[in-house]
Colleague: 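A single structure is presented below for examination.
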Amino acid sequence: MATTIKSPPKLAGSSSGGLSRIIRPLIWLLILLIVAALCITGTWFYLHWQSSRQLNPLQQAVGQSSQPATVQYTKPAPVQVPAPIFTKLEPFTVMLESKDSERMLFLGITLRLGDQQSSDRIEKYMPEVRSRILMILSSLTPQDVMTPDGKAKLVKEITAAVSKPFAPIPDGQNVSGVLFTDFVVQ
């Protein structure tokens, strides 16, 4: 008894089944490469067109002429910076509060002002300016004025005191800086 093995029936498209498994991804890969090439070409043309629009005629003609191009440079106009306005105050001499010993502070101050109106006001109200500064200086201790931080704090306090408006005037002075011209603690 001999048995024979029958092969399954063949379908119409199964003979090329192995071939279509290879061709179909290759077609998709080819389409992908064509799309990428078109994108790269389009980008290159767009950038080339953009760069040619942004160049001035001198830059477009570089390398096309046998004669050297002449370029003239002009200096920009200098910016007008207003001259600083300084007002020098008479030196101050005050006794510093100290439990151990008597210390004296000799202080020369120059104010840097933002406008001429502030300078005129300070000159006009000088007794009030000096009084405000003396009130600040008389409350100091020797330790307050010996450190850089203490001096910076003193500058801020004097700036705030001098910037306050005087009695009949509603707006204050434009004080942009307090400069120490003399600073002696004995």
Side-chain angles (χ1 to χ4, degrees), residues 43 46-63 65 67-186:
T43 303
Y46 176 75
L47 292 176
H48 181 64
W49 175 72
Q50 268 306 81
S51 66
S52 68
R53 281 187 37 192
Q54 293 175 351
L55 296 178
N56 63 30
L58 178 65
Q59 290 173 327
Q60 287 180 350
V62 170
S65 175
Q67 297 177 351
T70 58
V71 178
Q72 294 179 351
Y73 294 103
T74 58
K75 287 186 177 181
V79 178
Q80 291 290 340
V81 178
I85 300 171
F86 294 105
T87 301
K88 185 173 175 76
L89 304 179
E90 297 277 330
F92 295 90
T93 305
V94 293
M95 296 301 292
L96 300 175
E97 295 178 10
S98 177
K99 295 177 184 177
D100 302 336
S101 64
E102 291 186 5
R103 295 281 186 132
M104 184 173 61
L105 173 65
F106 179 79
L107 186 64
I109 297 176
T110 298
L111 301 174
R112 182 178 184 144
L113 305 170
D115 55 14
Q116 188 60 41
Q117 181 183 10
S118 296
S119 177
D120 295 340
R121 280 188 197 164
I122 287 178
E123 292 293 331
K124 185 176 180 181
Y125 290 92
M126 187 58 73
E128 191 170 343
V129 171
R130 289 188 60 80
S131 175
R132 290 179 183 181
I133 295 173
L134 279 170
M135 295 300 287
I136 294 170
L137 295 177
S138 63
S139 66
L140 296 175
T141 63
Q143 292 78 22
D144 292 338
V145 295
M146 296 301 251
T147 64
D149 291 335
K151 292 175 186 172
K153 182 181 173 191
L154 180 60
V155 166
K156 288 179 183 177
E157 288 177 1
I158 293 173
T159 302
V162 176
S163 295
K164 285 185 197 174
F166 298 119
I169 303 172
D171 58 336
Q173 293 65 247
N174 185 3
V175 179
S176 61
V178 174
L179 308 169
F180 296 133
T181 54
D182 297 311
F183 201 97
V184 179
V185 178
Q186 287 186 336

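Sequence positions, counted from 1, serve as the residue numbers for this chain.
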Colleague: Which atom pair, heavy atoms only, marks the closest approach of S119 to I85?
Modeller: CB-CG2, 3.8 Å

Colleague: Run the side-chain contact (heavy atoms from CB on, under 4.5 Å) test on T110 and T87 for me, step by step, so that the C-alpha distance in whole Å, both residues' side-chain angles and the decisive distance to 0.1 Å come before the verdict.
Modeller: CA-CA 6 Å; T110 298; T87 301; over 6 Å; no

Colleague: Checking E128 now: which residues fulfil side chain to side chain donor-acceptor pair (under 3.5 Å) with it, not counting sequence neighbours?
Modeller: R132

Colleague: Using a 6.0 Å distance limit plus a 45 degree cone around the ring axis, check whether K151 lies over the aromatic ring of F180.
Modeller: no

Colleague: Give me the atom names and distance for the closest heavy-atom approach of P84 to R112.
Modeller: CB-NH2, 3.6 Å

Colleague: Rounded at 0.5 Å granularity, tell me how far CG in D144 sits from CG in L137.
Modeller: 11.0 Å

Colleague: Report the distance from atom CG of D182 to atom CD1 of I109, rounding to the nearest 0.5 Å.
Modeller: 10.0 Å

Colleague: Tell me the closest heavy-atom pair linking V178 and I158, and the distance in Å.
Modeller: CG2-CG2, 3.8 Å

Colleague: Specify the closest pair of heavy atoms between F92 and I133, including all atoms of both residues, with the distance to one decimal.
Modeller: CZ-CG2, 3.7 Å

Colleague: Output every pair passing side chain to side chain donor-acceptor pair (under 3.5 Å) with a member in residues 156-172, not counting sequence neighbours, ordered by first then second residue.
Modeller: R121-D171

Colleague: Nearest 0.5 Å please: distance from the CD atom of E102 over to the CE atom of M95.
Modeller: 4.5 Å

Colleague: According to ring pair (Phe, Tyr, Trp, His ring centres under 6.0 Å), who are the partners of Y125, at least two apart in sequence or on a separate chain?
Modeller: F166

Colleague: Work out which heavy atom in I136 is nearest to a heavy atom in A161; give both atom names and the distance.
Modeller: CD1-CB, 3.6 Å

Colleague: In this structure, are over 12 heavy atoms from other groups packed under 6.0 Å from M135 atom CE?
Modeller: no

Colleague: Any chance you could measure Q143, atom CD, to E97, atom CD, to the nearest 0.5 Å?
Modeller: 11.0 Å

Colleague: Can you name the nearest heavy-atom pair linking V162 to Q173, along with the distance?
Modeller: O-NE2, 2.7 Å

Colleague: Got L89 and M126 here, is their nearest side-chain heavy-atom distance under 4.5 Å?
Modeller: yes

Colleague: If you define the side chain from C-beta out and look only at heavy atoms, does anything of T93 sit under 4.5 Å from L105?
Modeller: no

